[in-house]
Amino acid sequence: MVVVAQIGLVVLVLALAHRPLGEYMARVFTSPRHLAVERAGYRVMRVDPDAEQRWSTYLMSLLGFSLAGVLLLYGLARLQDVLPMSLGASPFDPAGAWNTAVSFVTNTNWQSYSGEVAAGHLLQMTGLAVQNFVSAAVGLAVAVALVRGFARSGTDGRVGNFWADLVRGSVRVLLPLAFVAAVALVAGGVIQNFHAHTEITTLAGQTQHVLGGPVASQEAIKELGTNGGGFFNANSAHPYENPAPWTNVLEVVLLLLVPFSLPRTFGVMVGDRRQGWAVLATMGTLWAGAVALLTWAETAGPGLAPLAAGGAMEGKETRFGLAASALFAASTTGTSTGAVDAAHDSLTAPGGGVAIVNMLLGEVAPGGVGTGLYGMLVLAVVAVFLAGLMVGRTPEYLGKKIGRQEITLVALSVLTMPAIVLVGTAVAVATPEGRAGILNAGPHGLSEVLYAFTSAANNNGSAFAGLTVATPFYNTLLGLAMLAGRFVPIALVLALAGRLASQRSTPASAGTLPTHGPLFVGLLVSVTLVVVGLTFVPVLSLGPVVESLS
Amino acid sequence: MTSTLAPRPVGTVAVSFTRQALAGLRVLLVLTVLLGIVYPLAVFGVGQVLFRWQASGSLVAADGSQVTSPSAAVGSLLVGQQFAGEQWFHPRPSAAGDGYDTLASSGSNLGPNNPDLVSAIEARRAQVAAEEGVDPALVPPDALTASASGLDPDISPAYARLQVARVARERGLPQDEVAALVERTVVGRDLGILGEPRVDVLALNLALSTMGS
């Protein structure tokens, strides 16, 4: 009962918030007017926020911005010992700096370092936290560009202005929400100071360090931007990141808030709110399924260790317990966030399996900020295409014909992530360097490697943290997986947006498949599950499934 | 440039990309000032005015009073610390360094069927049961497992109650007074529905040490 009430509270808050936030975002991304502070910013940046960009220019701006992000972050990490507020932390080694820079720029926030000793306040604040904002804003920009592709008719592939979308997403959407959330988190006990880590004598006479840092400001955007990179190694399980059950639920709400509001934005921008409802219903169904399964798995507690202890409390915090940890785990893997309030490596075998499958869905339940919406719209095109094949008509979605070129772009986009996950996992388990990192033997060891590549390719960032990844092998390979998993689909989605924007809309006819009813929601849920099922059944069988059954 | 998918000459692309990357760098630097400096300082400022104690780490001194300077503190009510002696309430097992090392927050990351974890749990069950002089079946799960952070400040009310008899005996205090102290320290679920009931070990031991004096 209490378990259901806790989930119910999250659903209630999201139900109340998604419409106003979704409509606000639609206004933000369609308004012709700039704020005064934005106009001043554009003058300093020397960019033209009013030039409509074709999809290829939009992509070029996005890639240029991301490259600058990687280089700046790499530099900050490599030079942090000579910069102020380093707290005596050493510079990152080249492989670690590369991995971290790529990780934060791609909104993955995979961490092969331990924040409390490896990263000083300056790197956290001006490097990592800034990418938490802007990488989320980049995802938002791509989603908005794709929606414009559907909404516009007969342009020459113009999908908006990347700089304006980036700045508005950061300044008008993420910043105000993050500020309010950060202050609430401080009230709950998340620290926000610039202390160095100070040694003290505890009540029982032992030594311990009191940690300092601008944590709350980073924690808020870490969840809101579906980033997930912890200020500390233990991430949202750390009491200074997530001190109470109510901050835990606040963090769950934050990481679901923008992804669940974007379907409304989509509905408003394409001029048919019912289309947004269908996407929302699909995302909600998948999320609810994952929450239910994970909650069942953790509270039932199958496995030798949970049985021996009388409950699956290994790797869980007392203040959260089983149910709140399961709710967080399902939400963080469903949103590409990757923050954790429990050790995922110690989840029960079916619970860990659900977490992996949730990511393998391609982060669409409800997915990351922006990435979830464009991922789901790509799957919607697949669903429409399949339905079109069944009845022998040219498929169309929102008045746009899905021809050979469109479906090619969509198919490549859908296939990118599985290819990275399966090839990466195969390479890692086939090489001694890859196998050396495994902590738990047997099928759970395969799950550790599979989880790592799934997390990287889907830009999630959570881990079965027993795997030792702070090695040149994993730092390099997972860095490549994160890059390809982020930018290949973005390029394909923007190309699709360009093609759609240049098409003229065809009015719906009697033969058009309605894409807003329960039938379409069912079709879209099935397509999402079947694509994953067909691709990953073999490797899932060898990992989590065999462990669950043994 | 008529078709949206027509490739452009490589040279043009390289020049255009360099220009975009430089623009990207300028945009990033401006956003860094706003999001990386102004924003965290604003949160810091509000925190200092409204929630100074929380922003500084929820620190307490030996007499239980709230302090904001780390050097005056014996710990944070939010961060678990090691209590090994018989006269203290014990926290959960910890995988952070040698136990409750805040510079090494971590769980054990041992999987649900890991044989090392299973034998560690069995050994802890026997040890806790012997220490508290109770039936091994009565030891609750949180006493046998390491938390995700290794810094869990809390234990379950069940584990706190289990330790009352030993602590009262070691401190020469009446058992019902210590039991009453535990009940006063139990915090219920937030809003009645969120998380789990819990007992903050440092708060409990602080109250205990002032009670003894």
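Values below: all heavy atoms of this structure, side chains included; hydrogens, waters and symmetry mates excluded. Chain letters run A, B, ... following the sequence lines, proteins first and then strands; every chain starts at 1.
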Which atoms of [X] come close to chain A, meaning under 4.5 Å heavy atom to heavy atom: side chain ones, backbone ones, both, or neither?
X: B/Val79; answer: both
X: B/Ser69; answer: neither
X: B/Leu59; answer: side chain
X: B/Gln48; answer: side chain
X: B/Arg19; answer: neither
X: B/Val27; answer: both
X: B/Leu78; answer: both
X: B/Ile121; answer: side chain

Quick check on [X] against chain B: is it the side chain, the backbone, both or neither that has a heavy atom closer than 4.5 Å?
X: A/Ala178; result: both
X: A/Leu185; result: neither
X: A/Ala244; result: both

Practice task
Indicate yes or no for a side-chain donor-acceptor contact from A/His238 to the backbone of A/Pro243 under 3.5 Å, with no hydrogens or angles considered.
Solution key: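 Answer holds: no.
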
Residue pairs involving [range] (criterion side-chain hydrogen bond (donor to acceptor under 3.5 Å, both in side chains); sequence neighbours excluded):
range: residues 183-203 of chain A; answer: A/Gln192-A/Ser217
range: residues 100-114 of chain B; answer: A/Glu116-B/Ser105, A/Glu314-B/Ser108, A/Asn440-B/Asn114, A/Glu547-B/Asn113
range: residues 143-155 of chain B; answer: A/Glu317-B/Ser147, A/Glu317-B/Ser149, A/Thr318-B/Asp152, B/Arg92-B/Thr145, B/Arg92-B/Asp152

Practice task
Anything in residues 32-45 of chain B with a heavy-atom distance to chain A below 4.5 Å? Please list those residues in order.
Solution key: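 Listed by number: B/Thr32, B/Leu34, B/Leu35, B/Gly36, B/Ile37, B/Tyr39, B/Pro40, B/Leu41, B/Ala42, B/Val43, B/Phe44.
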
Practice task
Any chance you could measure A/Ser325, atom OG, to A/His344, atom NE2, to the nearest 0.5 Å?
Solution key: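 Taking OG in A/Ser325 and NE2 in A/His344, the distance rounds to 8.5 Å.
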
Problem - Side-chain ion pair, B/Glu196 and B/Arg189, N-O less than 4.0 Å - result: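 Salt bridge between B/Glu196 and B/Arg189, a charged N being under 4.0 Å from a carboxylate O: yes.
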
Handout entry: Minimal non-hydrogen separation, A/Gly466 against A/Asp345, with atom names
Key =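 Answer, listing the atom of A/Gly466 first, then A/Asp345: N-OD2, 2.7 Å.
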
Practice task
Assign the ring pair B/Trp88 / B/Phe83 to parallel, tilted or perpendicular, where the plane angle (0 to 90°) is split at 30° and 60°.
Solution key: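 Tilted, since the angle between the ring planes falls between 30° and 60°.
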
Handout entry: Interface residue of largest heavy-atom contact number with chain A, from B/Gly57, B/Ser58, B/Ala143, under 4.5 Å
Key =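 When all of B/Gly57, B/Ser58, B/Ala143 are compared, B/Gly57 has the most.
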
Problem - Top contributor to chain A contacts, counting heavy-atom pairs under 4.5 Å, from B/Gly85, B/Pro112, B/Pro141, B/Ala146 - result: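 Of B/Gly85, B/Pro112, B/Pro141, B/Ala146, B/Pro112 has the most heavy-atom pairs under 4.5 Å with chain A.
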
